[in-house]
Every structure is written in structure tokens, then in C-alpha cells.
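Since the structure comes first, as C-alpha cells, the remarks are kept for the end.
Counting begins at 1 with the first residue of the sequence. Every number for a ligand or one of its atoms is a count from 1 in the order of the listing.
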Amino acid sequence: MILTGLARPKVNLFLHVTERREDGYHLLESLVCFPDGIGDRITVSEGDALSLFETGPFASQTGCQSQNLIMKAADLLKREFSVGQGAKVLLEKNLPVASGIGGGSADAALTLNLLCDLWKISIEKDHLESLAASLGADVPSCLQSRTAMMRGIGEILSPVETLPAFSILLVNPGVTVSTPAIFKELSIPEDQPAIPERWGEVPNDIFLSLGRCRNDLEPAAFSLVPAIKKVINILKMQDGCRLARMSGSGATCFGLFETLEEARDAQKTVEMQHPSWWSAASMVNADVDA
Ligand code: C5P
């Protein structure tokens with residue numbers, strides 16, 4: 001049996017940090033979305049042992065295989081359910097690594113789902129979610145891979161069904177960013193903007209609402225990686241860009257647009273000016289086949 005899926009990136013449309021916990025983790029409020037049709041492709045098939053093969057533009061940057069969240073997810077599931085067989089996992093790494101869009105977390109979440117099917121494991125939803133949470137703070141949201149309000153350290157999720165469709169351009173300047181380093185550098189803001197209860201019915205509503213929110217990790221990220229500020233400034237200058245912001249702890253930033261055509265035109269301009277940067281234009285909430 002061969003099973004495959006797309007591990008879509010997680011974008012934090014805003015991210016407020018409210019508290020630092022004693023264990024060093026931070027309590028957050030964040031609206032996360034998963035742009036359509038882009039991501040890492042993972043394919044699994046039967047095998048005696050667990051093995052991982054990597055291809056794609058960012059395969060050389062994923063680091064040591066035993067530290068890869070795909071292998072950690074597979075090992076965890078195998079141990080939890082005393083699975084005797086292994087699996088061949090093929091990763092086409094299309095998303096930049098350590099880049100604030102949860103690529104590794106999305107890979108881990110999809111691996112859990114695919115291997116449950118391959119190994120015919122029947123698992124309760126809560127159990128799967130707790131396994132996901134043990135792999136990393138972003139893995140539960142990637143398991144759902146749908147627009148949601150995220151709270152706690154990332155594990156409390158409320159789906160947001162009513163968001164209108166809009167377009168997004170993701171841009172990464174080719175710099176990896178250490179998430180712990182950014183959180184360590186962060187000063188938690190004293191004021192917290194109110195989070196809208198409803199995001200509105202048309203793209204303009206959500207752009208205005210999001211404009212009143214922030215990514216609280218931006219100041220720390222800008223001071224550690226000045227290129228991020230430059231990406232945001234370039235995005236802001238593009239025709240039709242209604243909001244430009246960093247996702248997660250960076251360095252990937254996004255611009256929001258009403259139409260996919262505007263996002264694609266902006267992508268062409270950014271690509272021409274900075275051919276070495278990674279970018280992807282897509283839709284959010286358009287219910288295109290993921
Ligand atoms: O859980 P994960 O391994 O993805 O988190 C990476 C790092 O990001 C943590 O070690 C922590 O420094 C930071 N983090 C945090 N608060 C969160 C999520 C992540 O401080 N809610």
C-alpha cells in the first residue's frame with residue numbers, strides 16, 4: 001500500500017504572547033491558517049524497518065535524520081501501539097526549514113495520520129492529539145490543518161469556520177531562525193489588543209481586524225535577523241497588499257491580498273528583485289483540494 005499527503009504550512013495571521021510559563025513555554029493567542037495546495041509531500045509505504053528518504057529543494061537543510069520530527073512521530077506511534085513492522089517514508093521537502101511556518105510540525109502531524117492508516121491503527125481523536133502535542137507545540141494545529149484560534153501553548157484549538165477566502169503570498173529570505181532564541185529575546189507586551197469575536201464576511205473585514213492585531217515576536221526577530229523587516233517592507237510596497245506580517249518566529253513573512261492574481265503579480269516582482277528568496281502564492285479558506 002502506498003499513501004501520500006500534503007503537509008501544508010501553518011501561518012500565524014496574528015500572534016499575541018500573554019505570559020511566560022515557569023517551564024519556559026509561552027501562552028499564546030493566535031489565528032492560524034493553512035494555505036491551499038502548497039507544502040511538503042509525504043509518501044509512506046510498507047517496509048521492514050523505519051526509513052526516511054528526502055528529496056526536494058530544502059532536503060539538504062533538514063539536519064540529522066534521528067532528530068527529524070517525522071522519525072520522532074513514527075517512533076512514537078510504533079512504540080505506543082507496539083507495531084512490529086516498519087515503513088518507508090519519502091519526504092519531498094518543499095518548505096523552508098526553521099522558518100516560522102511549522103514545516104517540521106506539519107510533517108510530523110501528517111506522518112502520524114498516514115502511518116495510522118498504513119499500520120491500520122485505530123486511535124481515538126484525543127489520544128492522537130496528545131501524541132501530537134508531545135511532539136511540539138504546533139503539531140496539534142497541523143494535525144487539524146484548518147483555520148483555528150490557537151491558545152495555551154498551541155494545544156487549545158477552536159476552529160474558525162466563517163472566515164472569507166483571501167489570497168496570501170509567503171516570502172522567506174533564506175535565513176533560518178531559532179524559535180527558542182526568539183522567545184528568549186521577547187519582551188511580553190503589557191497591552192493586549194482585543195481579539196475580534198467575528199472576523200467578518202468579506203476579505204476587507206478580516207484585513208481590517210487583523211490590522212488591529214500583531215505578531216509579538218516581530219521586535220525580537222527584527223533585532224536578531226534584520227532581513228525580516230526588509231521582507232515586510234517589500235511586501236507592503238506591492239500593489240494590492242493589504243497587510244504584511246511575520247509568521248511564527250520568522251523568518252517567513254506573508255502579504256495578504258484580495259485576489260490570487262494580485263498575490264501572483266506581487267510574487268513575480270519579489271522574485272525579480274530577490275531571485276534567491278523562497279516564495280509561494282496561494283489561497284486561504286477557498287476549500288481548494290488540499
Ligand atoms: O514545542 P516546540 O519544540 O515546537 O517549541 C520550540 C521552542 O519554542 C520551545 O523550546 C520554546 O522555547 C518555544 N516556544 C515557547 N512557547 C510556545 C511554543 C514554543 O516558548 N508556546
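Nearest non-hydrogen protein atom to atom 13 (C) of ligand 1 is F183 CD1, 3.4 Å. At the top of the distance list for atom 12 (O) of ligand 1, counting protein heavy atoms only, stands P180 CA, 3.6 Å. Counting protein heavy atoms only, atom 2 (P) of ligand 1 is closest to Y25 OH, 3.6 Å. The single protein non-hydrogen atom nearest to atom 6 (C) of ligand 1 is T179 CG2, 4.4 Å, given as residue, atom name and distance.
Listed by number with element, the atoms of ligand 1 under 4.0 angstrom from any heavy atom of H26 are 15 (C), 16 (N), 17 (C), 20 (O), 21 (N). Proximity to L28 (heavy-atom distance under 4.0 Å) selects the following atoms of ligand 1: 21 (N). Interface atoms of ligand 1 facing G24, defined by a heavy-atom separation under 4.0 Å, are 20 (O). Taking every non-hydrogen atom of G136 and a distance limit under 4.0 Å, the qualifying atoms of ligand 1 come out as 1 (O). The atoms of ligand 1 that sit less than 4.0 Å from any heavy atom of A137 are 1 (O), 2 (P), 4 (O), 18 (C).
Among the atoms of I153, some N or O lies under 3.5 angstrom from an N or O of ligand 1.
Rounding to the nearest 0.5 angstrom, the gap separating the CD1 atom in I101 from the CG atom in N12 is 10.5 Å.
Under a 3.5 Å cut-off, the side chain of D40 and the backbone N or O of K93 do not form any donor-acceptor pair. Counting only distance, with no hydrogens or angles, the side chain of T269 and the backbone of D265 share a donor-acceptor pair below 3.5 Å. In terms of modelled atom types and a separation under 3.5 Å, the side chain of N285 and the main chain of A165 share no donor-acceptor contact. A donor-acceptor pair under 3.5 Å is formed between the side chain of D216 and the backbone N or O of V17.
With respect to K229 and E218, no salt bridge is recorded, no charged nitrogen being found less than 4.0 Å from a carboxylate O.
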For this session: Starting from the C-alpha separation in whole Å, work towards a yes-or-no answer on side chain to side chain donor-acceptor pair (under 3.5 Å) for N172 and T252.
Result: CA-CA 4 Å; N172 181 286; T252 306; 2.9 Å; yes
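Under a 4.0 Å heavy-atom criterion, G154 is not in contact with ligand 1. Residue contacts with ligand 1 leave out D138, since none of its heavy atoms falls under 4.0 Å from the ligand.
Between F14 and W199, the two ring planes are tilted [angle within 30° to 60°].
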